[in-house]
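For reference, the structure discussed in these notes is given below.
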Amino acid sequence: MSNLSASLVQFSPELILVIGAAVLLTVDLVSNGREAGQNAIGLGTILLALVATFWLWPGGLFTADGGLFATYIDGALVRPGAFVSDGFTHFFRMISLVSTGLVWVSGVTFMRGRTPFRGEFGAFLLFCATAMNLMAGANDLILVLVAIEFLSITSYVLTGFLRENARSNEAGLKYFLYGSITSAAMIFGLTYLFGATGTTSLPLIAEAVRSPDNLLIKDLSGVIIPSLLLVLAGLGFKIALVPFHQWAPDAYEGAPTPVTSFLSVGPKAAGMAVLLRMFFSAFDAPLLTPHWIGLIGLLAGATMILGNLAALGQTDIKRLMAYSSIAQAGYMLVGVASFGATTMGNLTALGTVVLYILAYIFTNIGLFACIIAVDHATGDSRVDAYDGLMRRAPLLAVAMVVFFLSLVGVPPLAGFIGKFAVFSAAVTTNHTTLAVLGVLTGVIAAVYYFRVVRAMFFRPAPDGAAPIRISPSASFVIWACLAMTILIGVLPGTFVRVARDAAAAVHATGADAAAVDAGH
Amino acid sequence: MEASIPLWWYLLVAAALFGTGLFGALSRRNAVGVLMGIELMLNGANINAVAFWRYIAVPSGAGLNGMDGQVFAIMVIALAAAEAAVGLALIISIYRNRQSVLVEDFSTMRG
Amino acid sequence: MLHALPLAESLAETTTSLSGWLTGLFSGTAPEPGASSSAAGIIVASVLKATVIVLIVQIGMLYATWGERKIIGRMQDRLGPNRVGLFGLAQPFADMIKMLTKEDITPTAAHKWVYNLGAILVVPPAIIGFAVVALDRNLIAADLSIGALFFFAIGSTAVMPIFMAGWGSRNKYALLGAMRAVAQVVSYEIPQVLSIVGVLLLAGTLSMNGLIHSQGPIGDAFPGVWFILLQPIGFVIFLLATTAEIERTPFDIPEAESEIIAGYHTEYAGIKFGLFYLALYFVTISASAVGAILFLGGWQPPFAFLAGIPGWIWMTAKTLALVFVFMWLRGTLPRLRVDQLMAFAWKVLVPISLVNLMVTGLLAKLVAGRAPLMVFGAFTVANVAMVALLIWLVAGWRRFNAARQITFERPAVQAVGAALRRGAA
Amino acid sequence: MMEMLAFGLVAGVAVGGAIGVVAARNVFVSALWLVLSFIGVAGIYAILGADFLAATQVLIYVGAISVLILFAVMLTHHVMGDERSNNRQAFLAFIVSSSVVAALGVLAYRTDWPIRPADAGGSVVTAMRGDLAGSSAASTAAQTGASTALTSTVDLALNQDSNVVRLGQALMTEHLLSFEIISLVLLVALIGAIVIARD
């Protein structure tokens, strides 16, 4: 009845992750909390999943086959699968696995001694990676919902993981309450989408939305746009877009710093993946697209402005980074709003967002690796704790400056490539206002980043401050992220091609549906 | 049966539950109360899903069962259970540290 | 599944949907699709069935109290009630009059609404469960398509009045008792439901009559034998979990009088206490009836040649047999400690029922379409193997425990152990 | 007419319970209203013909989630005291949520939903019936039963047996992946709750 064995092969990265998590939990249980190679198991799992992803990647599109776990009767496709394993999925699988792996490595030293449940912590990171992979390839509203909630629940637990720590608790609870309310709204919106189209399968929704004889075509925007608005509440919560961002500062500040690092990249990328696939493949219809482009443009502008302005007054670096990463989500949305654009090297609007995410991930994880190292040594995450860091840990200080410059978008660095792609896409689609806004708010960002830089370089270290020792694992992450940040900036060609291919997968399904449309 | 009760009655009930839940979630001081509001919102969504399952035409190619609405509702029920378990664990854990479950008391972090 | 195919078709004409049942209560229209009789006829028949069943259950409940006291009395070498009427047969009525005439007390500190509602609401879940109990082929109030699930769903609501009683009384023993009771009921619900999933899997239906059809000599469906033969482990787990579910000894921690007075009904007196008592016996009977339906073939006779005896006699006999088992357990076993109780549910019953379920599913897949004898043989082998494994595990665990105790009792061995641990570290 | 009465009853219970939840001053009483509302929602499912779901709603929401909530109330709260239950934004929240209800209500009423013709319940299913019966590759236990139930001539949309069977079949074929993932989610929630809340 289904292409089960082929599907399982295509699903191997997720299978590996789940099995790895189960093994990790069992080993941790048996070893009674002692060190028994938990790190090796976890990292090995991630590496193996990454290998599987890269092995599957050149296999190209699996969509022609109806997706994974599609239902067949006598060889005829009767229902598209809930998961597709295309270039887009592979790209986001890579993003999720790499970011989880880097967060794991940078957090290893930090979590040691802070919680007795390190095995569970690792397993939860693996489950997070699974959930993000699922979000990347989810092609059915039900799986979208389940995957998003999977990621949410694991991240709530991770945020509140240090249960003796009142701030971690508080962060977890706030994250949970905001998250549950927004996801309830999202679920309500999803039911309306189901009602408007009669199915939960995204390809079929795409068909229904585009078909000219759809009963709803006359008031499409009347139902679908309000429901998309509700769905955006849920996705916007994961991505931390402006009306749904209030959780971010508290959750970022209270969460264990490695979790903060993870929250700033993982859920954001996965949420963007869902958003991109839904909007660019399922809800791309001539009558519909202009409406949501306007909506997204509005959100993008609000997010960039509010995120950057609110960051100005922050004294805690984790809070500052929270607002900074809210603002970064705004820049990503500029790319989404530039739907229909084609810029540098045939990069579509979708491609620019993908490229931006790629650049952002390495920059932010690198930056947070530095913050984790400082936090681990000083137990303090206020900006004042960075006074004289140049003298205490030159590597950290210099690396942080590079990452900040990349986030601001200074030329030969990754952030510049991402911003350039996104803004040029905005300009080609006449969203000049958004592009100008992006550049202006970038200047604001430079101001608050500079406050940290000033503390590191121009203020004296407190008396008796010892040099900060950086663990080998942390320095590995910092060096790796530095290398990638510079590499993407200096040799953007390869990465542009990767982004273009990833985007092409989603466009391909969209084009199929468009062909159906044209046939009518 | 569907002839007598119009679909929008169900949708209205669903909207009412959703709205009441939203009010509860936004206005309660007690974190458990907020959670109850969230459960009401989810129930509203579920009524939608089941009502649509009953009334809405299934497009061709959408499989042989046409049970998407019910499956959706079952998934939401299971997710609600998982969410409630984690949420209440967080509430109990914070109560242990703070001796309070009032949301407004959780404001050590500001800025 | 398996051979259940003709069954599904025949049942399609008789089983009812919840909505048909629900709207039928208001409209009087025929709920069953394909039923040809007039609406009035159906409603009269439904009311009659319901009346008959409730009457039988009422009398059954009254005499269950009498029977319990007699049986426990005999087990404890006493006579039991023997003063009012012949063999004390009028004793239940005397008790009833006593309950009704006692003063109706509401403690001043209690939360009036919650306290009183708690006592009232404890009865409906106990009665509604009978809606799907088939006393005979046609003597069933509503043969819902989801019958078995309906029964357990209704049963799961019984925790709410307990909570209300415990909280509404404003008495710490009542509250403690309620929390214990709810924790226990919720925990044991899991093995209880898991234990019957094997049966449902084999029968391929949730309808009560469908389940009965599939295990009798008259029913034409698979497997044609009582499920207790294919699912003995499931049956034992069901029995144990149900005992805890209805809070009878040895699982009556919520009312352990030596620890927390009378648990959540400490503050209740007179008829309100009577309602708790009533509900207890109702659920004992309904759980026994469902056990008889799920595992003992319901109203089906054990052999085809006994089909002359009416179904309700078989059903009553099987139900009473299970009721007797519950009383027997009460007369025999001491009460568990509260932590033992929870551990038993989570660490013993749940894993065993999961394994049982997995094996059942696997076997059902393997023997699909085979001859009944082969099916029966395969299940027997699997069950014997599972029981042997269980015994081996329990014995091993006990040996392990014994060995560990010795280790800690002997100083010399302890020292060696400590040295070994140091070496390992 | 009569089913409208039934609908009115269960809808009244659901919405009335919900209003009770937000209006009650005591959290425990609030939770009891919540249970009432859940039961009303189960009734709505039953009227809609989703029996299995109605029973599941009672089993999970009333029997499990409410119990969890009540336990949390008892473990974290001054058990008896009434209190000011709403925060200062209550009025704003009221405005927001009532406008949401109004907007959604108007949306639900005015939209021309693609309603299925009354007689063609599960038309897709009917079309597939023959194929399914002929398929030999039934991969799960549920399917074997399902395929035969589907071949019978009863109306698939109304027949409850086939509804339950089809739900099981949908979970094991079309929604297999979601079904597996949801079990993983429950496992994760279980472990997470233990890690966070265990003493």
Side-chain angles (χ1 to χ4, degrees), chain B residues 1-5 7-9 11-13 15-17 19-24 26-30 32-33 35-36 39-40 43 47 50-51 54-58 60 62-67 70-71 73-75 77-82 84-86 88-93 95 101 104, chain D residues 3-4 7 11 14-15 18-19 21-22 27 30 34 41 44-45 48-50 53 56 60 64-65 68-69 72-73 75-76 85-87 89-90 93-94 97 100-101 104-105 108-109 113-116 118 122 124-125 128 132 166-167 169-171 174-175 178 182 185-186 189 192-193 196-197:
Chain B
M1 214 173 92
E2 55 264 74
S4 50
I5 302 179
L7 170 64
W8 71 273
W9 286 24
L11 302 187
L12 190 65
V13 173
L17 277 185
T20 321
L22 185 64
F23 173 71
L26 294 179
S27 72
R28 298 302 283 204
R29 291 166 78 220
N30 189 316
V32 185
L35 189 73
M36 289 186 217
E39 297 298 339
L40 283 178
N43 269 277
I47 293 178
V50 181
R54 190 77 185 84
Y55 283 82
I56 297 292
V58 180
S60 60
L64 40 105
N65 293 305
M67 297 301 269
Q70 282 206 42
V71 173
I74 285 193
M75 296 296 166
I77 290 178
L79 288 174
V86 169
L88 293 170
L90 283 166
I91 291 173
I92 288 173
S93 144
Y95 180 76
V101 283
E104 70 232 27
Chain D
E3 55 213 88
M4 287 192 183
F7 172 80
V15 176
I19 291 170
V21 172
V22 294
V27 199
S30 231
L34 186 69
V41 174
I44 291 177
Y45 294 160
L48 280 166
L53 212 54
T56 311
I60 305 295
I65 296 181
L68 265 182
I69 289 177
V73 170
L75 289 175
T76 60
S85 53
N86 287 335
N87 59 18
Q89 321 156 9
F94 181 74
S97 47
V100 165
V101 175
L104 288 174
Y109 177 66
W113 298 102
I115 291 182
R116 142 177 89 210
V124 186
V125 186
M128 289 299 169
L132 186 58
R166 276 162 63 206
L167 183 58
Q169 198 185 24
L171 284 174
E174 295 160 12
H175 300 287
S178 310
I182 199 89
V185 174
L186 287 170
I196 291 176

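Below, chains carry the letters A, B, ... as their sequence lines are ordered, and counting in each starts from 1. Note that the structure is predicted; figures quoted are calculated from it, not measured.
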Check: Considering only heavy atoms, which portion of B/L35 lies under 4.5 Å from any heavy atom of chain D: side chain, backbone, both, or neither?
Finding: side chain

Note to self: So which atom in D/A93 and which in B/S27 form the shortest heavy-atom distance, rounded to 0.1 Å?
What the structure shows: CB-CB, 4.1 Å

Check: Between atom CD1 of D/I19 and atom CZ of B/F23, what is the distance when rounded to the nearest 0.5 Å?
Finding: 10.5 Å

Next item on the list: Could you tell me which non-hydrogen atom of B/L17 sits nearest to which non-hydrogen atom of D/A14, and how far apart they are?
Entry: CD2-O, 3.6 Å

Item checked: Part of D/I196 lying under 4.5 Å from any heavy atom of chain B -> both

Notebook entry, point to check: So which of B/V13, B/V86, B/L40, B/I92 has the largest heavy-atom pair count under 4.5 angstrom toward chain D?
Noted result: B/L40

Margin query: Could you check whether any side-chain heavy atom of B/E39 comes within less than 4.5 Å of a side-chain heavy atom of D/I69, counting everything from C-beta outward?
Written below: yes

Next item on the list: For residues D/L104 and B/A15, report the shortest heavy-atom separation together with the two atoms involved.
Entry: CB-CB, 3.7 Å

Item checked: For the student: nearest non-hydrogen atoms of B/A85 and D/A193, plus distance -> O-CB, 3.9 Å

Next item on the list: Could you look at D/V100 and say if it's the side chain, the backbone, both or neither that has a heavy atom under 4.5 Å from chain B?
Entry: side chain

Note to self: Counting heavy-atom pairs under 4.5 Å with chain B, which one of D/L171, D/I65, D/L186 comes out on top?
What the structure shows: D/I65

Note to self: Applying side chain to side chain donor-acceptor pair (under 3.5 Å), can you list everything that pairs with B/S93, at least two apart in sequence or on another chain?
What the structure shows: A/N169

Checklist line | Side chains of B/R29 and D/V27 in contact at under 4.5 Å (non-hydrogen atoms) | finding: no

Item checked: Contact winner vs chain B - D/G192, D/S97, D/A189, heavy-atom pairs under 4.5 Å -> D/S97

Item checked: Atom pair CD1/CG of D/I115 and B/L7 - distance to nearest 0.5 Å -> 5.0 Å

Notebook entry, point to check: Which answer fits D/A64, side chain, backbone, both or neither, if we ask what part of it has an atom under 4.5 Å from a heavy atom of chain B?
Noted result: neither

Checklist line | Verdict with supporting geometry, D/V21 and B/T20, side chain to side chain contact (heavy atoms under 4.5 Å, CB included) | finding: CA-CA 9 Å; D/V21 172; B/T20 321; over 6 Å; no

Notebook entry, point to check: With B/A73, which residues qualify under side chain to side chain contact (heavy atoms under 4.5 Å, CB included), at least two apart?
Noted result: B/N46, B/V50, D/L53

Next item on the list: Output the distance between atom CE (B/M36) and atom OG (D/S30), rounded to the nearest 0.5 Å.
Entry: 5.0 Å

Checklist line | CD1-CD1 distance between D/I44 and B/I5, expressed to the nearest 0.5 angstrom | finding: 10.0 Å

Check: Hey, mind stepping through D/L48 and B/Y55 against side chain to side chain contact (heavy atoms under 4.5 Å, CB included) and telling me if it holds?
Finding: CA-CA 9 Å; D/L48 280 166; B/Y55 283 82; 3.8 Å; yes

Note to self: Give me the atom names and distance for the closest heavy-atom approach of D/V22 to B/G24.
What the structure shows: CG1-CA, 3.4 Å

Notebook entry, point to check: At their closest point, which heavy atom of B/I74 faces which heavy atom of D/L167, and how far apart are they?
Noted result: CD1-CD2, 3.7 Å

Notebook entry, point to check: Among B/L12, B/V71, B/L22, which has the most heavy-atom pairs under 4.5 Å with chain D?
Noted result: B/V71

Check: Under a 4.5 Å heavy-atom cut-off, does chain B meet the side chain of D/L68, its backbone, both or neither?
Finding: both

Check: In terms of ring plane angle, is the pair B/W9 and D/F7 parallel, tilted or perpendicular, where the classes change at 30° and 60°?
Finding: tilted

